[in-house]
*Asks:* 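Take a look at this one; I'll ask things after.
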Amino acid sequence: MTAWPTTVAEAEAEQDRLRPLVDLTDAGPPPRTVAGLDVAYADGDERLVAAVVVLDAGTLAPVDQAITIGRPAFPYVPGLFAFREIPALLDALDRLTVRPDLLVCDGHGLAHPRRFGLACHLGVLTGLPALGVGKTHLTGDWTMPGERRGDASPITLDGVTVGAVLRTQDRVRPVFVSPGHRCSVAGATAQVLALAPRFRLPETTRAADHACRAALAERTR
DNA sequence: GCGACAG
DNA sequence: ATCTTGTCGC
């Protein structure tokens with residue numbers, strides 16, 4: 001890989017370069033293990049903790065976990081968010097003792113201004129199936145889905161469906177799901193629903209979030 | 001020109 | 001993302 005981008009122009013060019021490598025076909029067999037990834041910040045923009053937690057796809061029980069401490073690799077710019085956290089996330093992934101079958105990322109995938117959000121980027125760089133779950137909207141047209149768990153409506157860009165607004169629990173705010181790599185919109189949506197049997201956010205992101213905060217608290221004493 | 005804008 | 005109390009509800 002070339003040097004990590006320093007400017008907005010370089011970062012956007014890198015997204016355009018990697019975008020053609022995205023595969024929107026569902027990976028064959030259902031994932032046996034699923035990884036949740038998240039990052040927590042300390043001291044503003046000084047330090048961060050990245051965590052990856054791997055769960056058994058069937059029982060949702062944790063099977064592996066890894067964290068790393070680092071620094072943001074890029075300023076926060078909407079649309080270029082991935083450049084900020086990817087180096088730390090890749091480092092954490094390298095510390096796992098197992099290869100997860102699916103990466104569940106915090107943020108968007110295809111539902112991105114250049115159709116190459118964090119989930120696509122991480123998926124292409126690792127070669128692993130990946131999807132994105134955003135807590136808020138980034139881009140694209142959408143309408144509020146029904147109020148029941150499982151209700152969903154499409155997110156479109158230029159008339160093309162790039163993701164889904166999914167209600168994971170009755171009467172709770174929906175999440176924004178989009179494919180990252182080696183999965184379809186429908187596949188990603190089904191996966192997220194299965195990973196969120198009880199709360200709004202998938203168990204993977206909840207577990208990763210907890211791991212980040214725990215490591216942050218541990219290191220702040 | 002005026003908003004919108006993942007974490 | 002993070003800064004932050006109490007409060008309502010399962």
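Order of the sequence lines fixes the chain letters, A, B, ..., with proteins taken first and strands second; residue numbering starts at 1 for each chain.
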*Asks:* With sugar-phosphate meaning primed atoms plus P, OP1 and OP2, does A:F81 contact a base, only sugar-phosphate, or nothing at under 4.0 Å between heavy atoms?
*Replies:*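 Base, at least one base heavy atom under 4.0 Å.
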*Asks:* Whether A:R149 and A:D170 form a salt bridge (side-chain N of Lys/Arg under 4.0 Å from carboxylate O of Asp/Glu) is what I want to check.
*Replies:*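 No salt bridge links A:D170 with A:R149.
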*Asks:* Do A:R115 and A:D158 pass the salt bridge (charged side-chain N to carboxylate O under 4.0 Å, His left out) test, and can you show the C-alpha distance, the side-chain angles, and the key distance before you say yes or no?
*Replies:* CA-CA 11 Å; A:R115 302 189 185 191; A:D158 301 316; 3.7 Å; yes
*Asks:* For a quick check of understanding: with a heavy-atom distance under 4.0 Å over all strands, which category does A:L37 fall into, base, sugar-phosphate or nothing?
*Replies:*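 Nothing, no heavy atom under 4.0 Å.
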*Asks:* Where does DNA chain B form stems of at least three consecutive Watson-Crick or G-U wobble pairs, each pair having both distances below 3.5 Å?
*Replies:*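 As far as DNA chain B goes, consecutive pairing (with distances under 3.5 Å) yields no stem.
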*Asks:* Is a side-chain N or O of A:D101 found less than 3.5 angstrom from the main chain of A:T33, in a donor-acceptor match?
*Replies:*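 Yes, because the side chain of A:D101 sits within donor-acceptor range (under 3.5 Å) of the backbone of A:T33.
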*Asks:* With no hydrogens and no angle check, just 3.5 Å: does a side-chain donor-acceptor pair link A:Q15 and A:R114?
*Replies:*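 A donor-acceptor contact under 3.5 Å links the two side chains.
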*Asks:* By the ring-ring contact (aromatic ring centres under 6.0 Å, His included) test, which pairs, at least two apart or in different chains, include something from residues 46-95 of chain A?
*Replies:*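 Residue pairs passing ring-ring contact (aromatic ring centres under 6.0 Å, His included), neighbours aside: A:W4-A:F83, A:F74-A:F83, A:F83-A:H121.
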*Asks:* Under 4.0 Å between any heavy atoms, over every strand shown, what does A:L118 touch: base, sugar-phosphate, or nothing? Just pick one.
*Replies:*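 Touches a base.
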*Asks:* Between the side chains of A:R19 and A:D16, is the shortest nitrogen-to-carboxylate-oxygen separation below 4.0 Å, so that they form an ion pair?
*Replies:*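 A salt bridge links A:D16 with A:R19.
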*Asks:* Would you write the dot-bracket representation of DNA chain C, where each base gets (, ), [, ], | or . depending on whether it forms a Watson-Crick or G-U pair under 3.5 Å and with which partner?
*Replies:* ..........
*Asks:* Can you give the first and last nucleotides of DNA chain C, 5' to 3', that have an atom under 4.0 Å from a heavy atom of chain A?
*Replies:*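 Here the contact window of chain A covers C:dA1 to C:dT2.
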*Asks:* When we call it a touch if two heavy atoms are under 4.0 Å apart, what does A:G132 touch: a base, just sugar-phosphate, or nothing?
*Replies:*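 No contact.
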*Asks:* If you look at every heavy atom in A:P100 and A:L128, which pair is closest and at what distance?
*Replies:*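 Where A:P100 meets A:L128 most closely, the heavy atoms are O-CD2, 3.4 Å.
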*Asks:* Report which part of the nucleic acid A:R198 touches: base, sugar-phosphate, or nothing (heavy-atom distance under 4.0 Å, all strands).
*Replies:*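 No contact at all - A:R198 keeps every heavy atom at 4.0 Å or more from the nucleic acid.
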*Asks:* Would the distance check show the side chain of A:E203 and the main-chain N or O of A:G36 forming a donor-acceptor pair, the cut-off being under 3.5 Å?
*Replies:*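 The answer is no, because no donor-acceptor pair under 3.5 Å joins these two groups.
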*Asks:* Contacts to DNA chain B from residues 100-117 of chain A, heavy-atom cutoff under 4.0 Å, which residues?
*Replies:*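 Heavy-atom contacts with DNA chain B come from A:D106, A:G107, A:H108, A:H112, A:G117.
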*Asks:* A:L166 and A:A152: which non-hydrogen atoms are nearest, and at how many Å?
*Replies:*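 Here A:L166 and A:A152 meet closest at CD1-CB, 4.0 Å.
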*Asks:* 5' to 3' on DNA chain B, which nucleotides open and close the contacts with chain A (atom under 4.0 Å from a heavy atom)?
*Replies:*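 The contact span of chain A on DNA chain B goes from B:dC5 to B:dG7.
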*Asks:* Taking atom types as modelled and ignoring hydrogens, do the side chains of A:D106 and A:T205 form a donor-acceptor contact shorter than 3.5 angstrom?
*Replies:*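 No, because no side-chain N or O of A:D106 sits under 3.5 Å from a partner of the opposite role on A:T205.
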*Asks:* Got a second to check how far A:T139's OG1 is from A:L110's CG, nearest 0.5 Å?
*Replies:*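 The distance works out to 12.0 Å.
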*Asks:* Quick check for you: to the nearest 0.5 Å, what is the distance between A:E14 atom CD and A:R17 atom CZ?
*Replies:*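 Here the rounded value is 4.0 Å.
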*Asks:* Let me see the working for A:R206 and A:D38 under salt bridge (charged side-chain N to carboxylate O under 4.0 Å, His left out), right down to the final yes or no.
*Replies:* CA-CA 9 Å; A:R206 286 169 49 80; A:D38 193 23; over 6 Å; no
*Asks:* Hey, could you give me the CG/CD1 distance between A:L48 and A:I69, rounded to the nearest 0.5 Å?
*Replies:*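 Going from CG on A:L48 over to CD1 on A:I69, the span is 9.0 Å.
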*Asks:* Ignoring hydrogens, what is the shortest heavy-atom contact between A:P174 and A:R167? Give both atom names and the distance.
*Replies:*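 Heavy atoms only, the tightest pair is CD-NH1, 3.6 Å.
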